[in-house]
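Each remark here refers to the structure printed beneath this line.
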Number of protein chains: 2
Amino acid sequence: MIRVLLADDENLVRSAFAALLGLEDDLEVVAQASSGAEALAMARAHAPDVAVLDLQMPDRDGISVAGELSTLLPGCGLVIVTGHGRPGHLKRALEAGVRGFLPKTVSAAVLSDVVRTVHRGGRYVDPELAAEAISAGDSPLTPREADVLELAAGGAPVEEIAARAHLSPGTVRNHLSAASAKLGAPNRHAAVDTARRHGWI
Amino acid sequence: MIRVLLADDENLVRSAFAALLGLEDDLEVVAQASSGAEALAMARAHAPDVAVLDLQMPDRDGISVAGELSTLLPGCGLVIVTGHGRPGHLKRALEAGVRGFLPKTVSAAVLSDVVRTVHRGGRYVDPELAAEAISAGDSPLTPREADVLELAAGGAPVEEIAARAHLSPGTVRNHLSAASAKLGAPNRHAAVDTARRHGWI
DNA sequence: CACCACCCATGACGCGTGTCACCGCCCGTC
DNA sequence: GACGGGCGGTGACACGCGTCATGGGTGGTG
């Protein structure tokens, strides 16, 4: 019997996953969590064999939770499930010790299979996502450029970004200009869009 | 036995919902669809008692599907399920004949209860969402302003928006300026953000 | 009919922004 | 030690953009 921890902030989806996994004879959902912090607490309490984590959760990234879990429970298999799979996320997830990564578009049978595969020590990443990740490659942005671009995401004026990043407005514009050029975007807003699509911010 | 149609582009979620509803004795999932068009075809073929539709689907809005279904199968109960519930969506959904509207954050028991309620001819909208919708009110934007604002969403320059909307650049700027003013946003990008949060575009 | 809201357009003003050149500083590698 | 790359900063220029005033056309309402 494989003991599974489920974490997803959308209660309905999480319960539905639990129902789905509950149909399998060899799987048992022993704990559920609706946030990253709760997931860690539950993991500590129940020591599951496999943790299935949603990528987007209100308090923290599913990947950062995975990273912490991999040191906390080294034997625990880690699976990330996500609505919109971005290539950058996949890379970060694998670095965090995640061994299963799949979008919510896959068919139902895949989830339980992946849980079993990961429990056996195997790996599974969605083929389509893997192809995207390879073709997309690494982020061309320097860390600082990514920071500034992220702060520009809300459509804030340069002045505000400068204040929040403790930089001079001119430097902010330089970073944004460089980022836009690297991403082939005509302006920073399109650059934000592109960077988001690739999971680089 | 209540016969249910399920439509959601995320196969995993849809199958999981099917498993969840399948646990209930009085509910039976008779058809599933992964797009709006497919949902309509399935509805025609199976004439379900209740249709559970995801708001976001690749080809078309779940609400527009609902609108078509309400004329196609007047007796069919309509339920919309959504990840991020926007007040504007709720209003549009109710106008389209939808009688159940709930975010994916609700607990598992609610979904099957809502299906039953809607089948009996009752209504259910998530209380939190309803409160937001009431406090938010109607969209202050004129139809044209909403159009232009939507085209501005991708961070496109004014020139491009003008070309795509068959307008003069000056007119576009006027519409955007008016929209930003109405939404209390310092620029159009923040205006896009605000309008999206309220479901006005 | 007058009135008003919406739509489309033009022109002008001023600020925000994108772009470039150039500066110094730090830290890694060859 | 020289070199290159990332980082922070300045100054200048030109364009995009936000804002406003103004105008004409349309359709619905009192």
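Chain identifiers are assigned alphabetically (A, B, ...) following the order of the sequence lines, protein sequences preceding nucleic acid strands; residue numbering begins at 1 within each chain. This is a predicted model, so every value here is computed, not measured.
- Along DNA chain C, the nucleotide closest to B:P140 and the one closest to B:P169 are compared, and the more 5′ of them pairs with B:P140.
- Taking each heavy atom of A:V172 and A:I161 in turn, the nearest pair found is CG1-CG2, 3.8 Å.
- Between A:I161 atom CD1 and C:dT17 atom P there is a gap of 8 Å when expressed in whole angstrom units.
- B:R144 comes within 4.0 angstrom of the backbone, heavy atoms only, and of no base.
- Set against D:dG16, C:dA9, D:dC7, the side chain of B:E159 has D:dG16 as its closest nucleotide.
- Picking from D:dC17, C:dA9, D:dT19 the nucleotide with the shortest atom distance to the side chain of B:S180 gives D:dT19.
- Scanning all heavy atoms of the two residues, the minimum distance from A:P48 to A:A43 falls at CD-O, 3.7 Å.
- Close to C:dT19, at under 4.0 Å from its OP1 or OP2, lies a side-chain N or O of A:S177.
- When all heavy atoms of A:V65 and A:L53 are compared, the pair lying nearest together is CG1-CD1, 4.2 Å.
- Applying the side chain to side chain donor-acceptor pair (under 3.5 Å) test to residues at least two apart or on different chains, the pairs with a partner in residues 180-192 of chain A are A:E145-A:K182, A:H189-B:H189.
- The CG-P distance, from B:L176 to C:dC7, rounds to 13 Å in whole Å.
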Exercise. Quick one: do B:L20 and B:S112 satisfy side-chain contact (heavy atoms from CB on, under 4.5 Å)? Show the steps, please.
Key: CA-CA 8 Å; B:L20 193 65; B:S112 33; over 6 Å; no
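- Rounded to an integer number of Å, the gap from NE2 of B:H189 to C1' of C:dT17 is 10 Å.
- Between the CZ atom of A:R188 and the P atom of C:dT19 there is a distance of 11 Å, given to the nearest Å.
- For A:R173, the side-chain atoms get nearest to D:dA12 when compared with the rest of C:dA9, D:dA12, D:dG18.
- Looking at heavy-atom distances under 4.0 Å, A:T171 makes contact with a base.
- The separation between B:E160 atom CD and D:dC15 atom P is 20 Å, rounded to whole Å.
- Contact check, A:T142 against D:dC7: a side-chain N or O comes under 4.0 Å of OP1 or OP2.
- For the OP1/OP2 pair of D:dC7 and a distance below 4.0 Å, the side-chain nitrogens and oxygens of A:H175 include no atom meeting the criterion.
- Listed candidates were C:dC8, D:dC7, D:dG9. Nearest to the side chain of A:P143 is D:dC7.
- The CG-C1' distance, from A:L167 to D:dC7, rounds to 9 Å in whole Å.
- Atom CD of A:E145 and atom P of D:dC7 are 7 Å apart (whole Å).
- Straight-line distance from the CG atom of B:N174 to the P atom of D:dG24: 16 Å, rounded to whole Å.
- Side-chain atoms of A:N187 lie closest to C:dG18 of the nucleotides C:dG18, D:dG9, D:dG18.
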